[in-house]
**Student:** 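There's a structure below that I have some questions on.
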Amino acid sequence: MTDVGFDERAARYDDLRPVDDQWWEVFAALVRIGNLRGSRVLEVGCGTGRLAHGLEDRELARIWAVDASPAMVERAKALGVNARVARGEALPFKAGWFDAVVARMAIHLLDRPRAFAEARRVLAPSGRIVIATEDPVTFDDLWFGHYFPSLADIDRQRFPSADALRRELVAAGFAEPHIETLQQRRGLTRDHALEILRTKAYSTFSLLPEEEYNEGLARAEREQPEHIEYAFGWILAAANA
């Protein structure tokens with residue numbers, strides 16, 4: 001996984017990404033397309049463990065989870081998640097062990113050919129990979145995009161389109177995936193938005209040139225309105241091993 005400072009983000013991660021109705025909407029979609037209820041599930045890139053905990057608590061799944069960040073893993077463990085430090089490209093599990101491998105907002109941090117090959121290795125013959133990732137079609141409409149001119153292009157290099165994700169999964173040996181898109185409308189207060197920018201809560205901010213980041217932050221502090229509404233697009237995919 002790409003090292004963009006998730007240990008430093010762990011303490012504020014949940015505060016700046018609250019679990020709300022939209023979070024649960026994505027959760028329900030993953031359960032549905034991946035048939036996750038009651039399954040043996042590995043989450044790759046578990047972060048603070050909220051998805052893994054929800055699958056275990058609400059869907060009676062048996063959960064294992066990995067993340068490359070020790071600080072994130074410690075937070076997941078504190079939530080009761082069976083988590084360990086490991087990279088998605090080198091999973092510490094034997095072949096054929098899981099019914100499903102799940103990755104929510106994680107594949108842009110991975111060497112995807114290696115990670116998808118590892119996911120297929122640890123899946124049972126009837127197992128499936130289930131993915132939720134940001135849809136690049138909304139990158140030009142990001143609420144902070146005009147403050148940071150190179151940000152959308154950086155993220156286009158990180159997040160696959162639906163077609164690219166389909167090709168990558170098939171190349172890794174998965175069957176033709178089922179792919180859906182989901183559009184959500186979101187809102188932020190000025191204070192919340194500025195805190196996201198000041199703490200570099202989204203990993204792409206760590207990839208910006210320092211001068212561009214500082215200039216963009218100063219402009220946002222001058223111009224950010226009291227309330228922001230914006231579109232956020234998801235790609236949801238499931239594919240059998």
Side-chain angles (χ1 to χ4, degrees), residues 1-4 6 26-27 29-36 39-47 51-52 55 61 63-69 84-140 151-183 202-204 206-207 232-241:
M1 298 178 74
T2 304
D3 183 4
V4 285
F6 281 100
V26 176
F27 176 92
L30 289 173
V31 172
R32 173 178 54 81
I33 68 172
N35 191 25
L36 299 180
S39 297
R40 295 169 60 90
V41 178
L42 169 65
E43 185 184 6
V44 173
C46 68
L51 176 62
L55 289 171
I63 298 295
W64 290 255
V66 298
D67 198 282
S69 163
R84 68 173 76 177
V85 178
R87 303 181 70 88
E89 300 89 343
L91 296 172
F93 303 101
K94 66 183 182 180
W97 186 246
F98 297 103
D99 299 320
V101 172
V102 177
R104 181 191 184 279
M105 282 298 286
I107 64 168
H108 62 290
L109 301 168
L110 301 172
D111 177 339
R112 288 194 295 277
R114 291 174 58 202
F116 289 167
E118 272 292 88
R120 190 168 184 273
R121 180 186 66 81
V122 301
L123 282 170
S126 59
R128 56 216 170 269
I129 190 170
V130 190
I131 294 166
T133 187
E134 189 171 356
D135 191 341
V137 299
T138 56
F139 284 172
D140 287 330
L151 189 142
D153 286 339
I154 290 173
D155 270 351
R156 285 192 182 93
Q157 299 299 313
R158 307 172 76 207
F159 290 84
S161 67
D163 284 344
L165 180 56
R166 181 193 62 77
R167 291 193 300 270
E168 291 173 1
L169 288 170
V170 171
F174 287 95
E176 186 70 22
H178 169 81
I179 293 180
E180 300 179 5
T181 58
L182 173 65
Q183 295 291 317
Y202 302 153
S203 60
T204 313
S206 295
L207 303 176
F232 188 96
W234 290 95
I235 297 171
L236 306 168
N240 291 332

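Count residues from 1 along the sequence. All values below come from the heavy atoms of this structure, side chains included, with hydrogens, waters and symmetry mates left out.
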**Student:** For a quick test of reading the model, state the closest non-hydrogen atom pair linking Leu110 to Ala115 and the distance between them.
**Tutor:** CD1-CB, 3.8 Å
**Student:** Could you give the distance from CG (Leu30) to CH2 (Trp234), rounded to the nearest 0.5 Å?
**Tutor:** 8.0 Å
**Student:** Only distances under 3.5 Å count here; give the side-chain donor-acceptor pairs of residues 129-136 to other protein atoms, sequence neighbours excluded, each with its distance to 0.1 Å.
**Tutor:**
unit_1 : atom_1 : unit_2 : atom_2 : d
Asp135 : OD1    : Val137 : N      : 3.1

**Student:** What is the minimum heavy-atom distance between Ser39 and Asn35, and which atoms define it?
**Tutor:** OG-O, 3.1 Å
**Student:** Check the pair Leu51, Phe27 against side-chain contact (heavy atoms from CB on, under 4.5 Å), reporting the backbone distance first and the verdict last.
**Tutor:** CA-CA 7 Å; Leu51 176 62; Phe27 176 92; 3.5 Å; yes
**Student:** If you round to the nearest 0.5 Å, how far is CZ of Phe139 from OG1 of Thr204?
**Tutor:** 7.5 Å
**Student:** Please lay out, stage by stage, how Arg156 and Asp140 fare under the test salt bridge (charged side-chain N to carboxylate O under 4.0 Å, His left out).
**Tutor:** CA-CA 10 Å; Arg156 285 192 182 93; Asp140 287 330; 2.6 Å; yes
**Student:** So do Val66 and Leu91 actually touch side chain to side chain, heavy atoms under 4.5 Å?
**Tutor:** yes
**Student:** Which heavy atom in Ala238 sits nearest to a heavy atom in Ile33, and how many Å separate them?
**Tutor:** CB-O, 3.5 Å
**Student:** Taking side chain as C-beta onward, heavy atoms only, is His108 less than 4.5 Å from Asp155?
**Tutor:** no
**Student:** Scan for side chain to side chain donor-acceptor pair (under 3.5 Å) pairs involving residues 159-169, sequence neighbours excluded, and state none if there are none.
**Tutor:** Arg112-Glu168
**Student:** Please report the closest heavy-atom contact between Leu169 and Pro177, naming both atoms and the distance.
**Tutor:** CD1-CB, 4.0 Å
**Student:** Is any side-chain heavy atom of Pro160 closer than 4.5 Å to a side-chain heavy atom of Ile107?
**Tutor:** yes
**Student:** State, yes or no, whether a side-chain contact exists between Leu109 and Ser203 at a heavy-atom distance under 4.5 Å.
**Tutor:** yes
**Student:** Quick one: do Trp97 and Leu42 satisfy side-chain contact (heavy atoms from CB on, under 4.5 Å)? Show the steps, please.
**Tutor:** CA-CA 9 Å; Trp97 186 246; Leu42 169 65; over 6 Å; no
**Student:** Would you give the length of the straight line joining atom CG of Leu236 to atom CZ of Arg104, rounded to the nearest 0.5 angstrom?
**Tutor:** 10.0 Å
**Student:** Any side-chain to backbone donor/acceptor pair from Glu43 onto Val102? Under 3.5 Å, distance only.
**Tutor:** no
**Student:** So, the side chain of Arg87 versus the backbone of Asp67: is there a donor-acceptor pair under 3.5 Å, distance only?
**Tutor:** no
**Student:** If you measure from CZ on Phe93 to CZ on Phe98, what distance do you get to the nearest 0.5 Å?
**Tutor:** 4.5 Å
**Student:** When rounded to the nearest 0.5 angstrom, what is the spacing between CZ in Phe159 and CD1 in Ile154?
**Tutor:** 11.5 Å
**Student:** Between Arg40 (side chain only) and Ala100 (backbone N and O only), is there a donor and an acceptor less than 3.5 Å apart?
**Tutor:** no
**Student:** Could you pull out the closest heavy-atom pair between Ala61 and Leu36, with the gap in Å?
**Tutor:** CB-O, 3.9 Å
**Student:** Between Arg128 and Gly34, is there a donor-acceptor pair closer than 3.5 Å when you use the side chain of the first and the backbone of the second?
**Tutor:** yes
**Student:** Ala175 and Ala239: which non-hydrogen atoms are nearest, and at how many Å?
**Tutor:** O-CB, 3.7 Å
**Student:** Quick check: do Arg120 and Val101 have side-chain heavy atoms less than 4.5 Å from each other?
**Tutor:** no
**Student:** Supply the atom-to-atom distance Ile63 CD1 to Leu55 CG, rounded to the nearest 0.5 angstrom.
**Tutor:** 4.5 Å
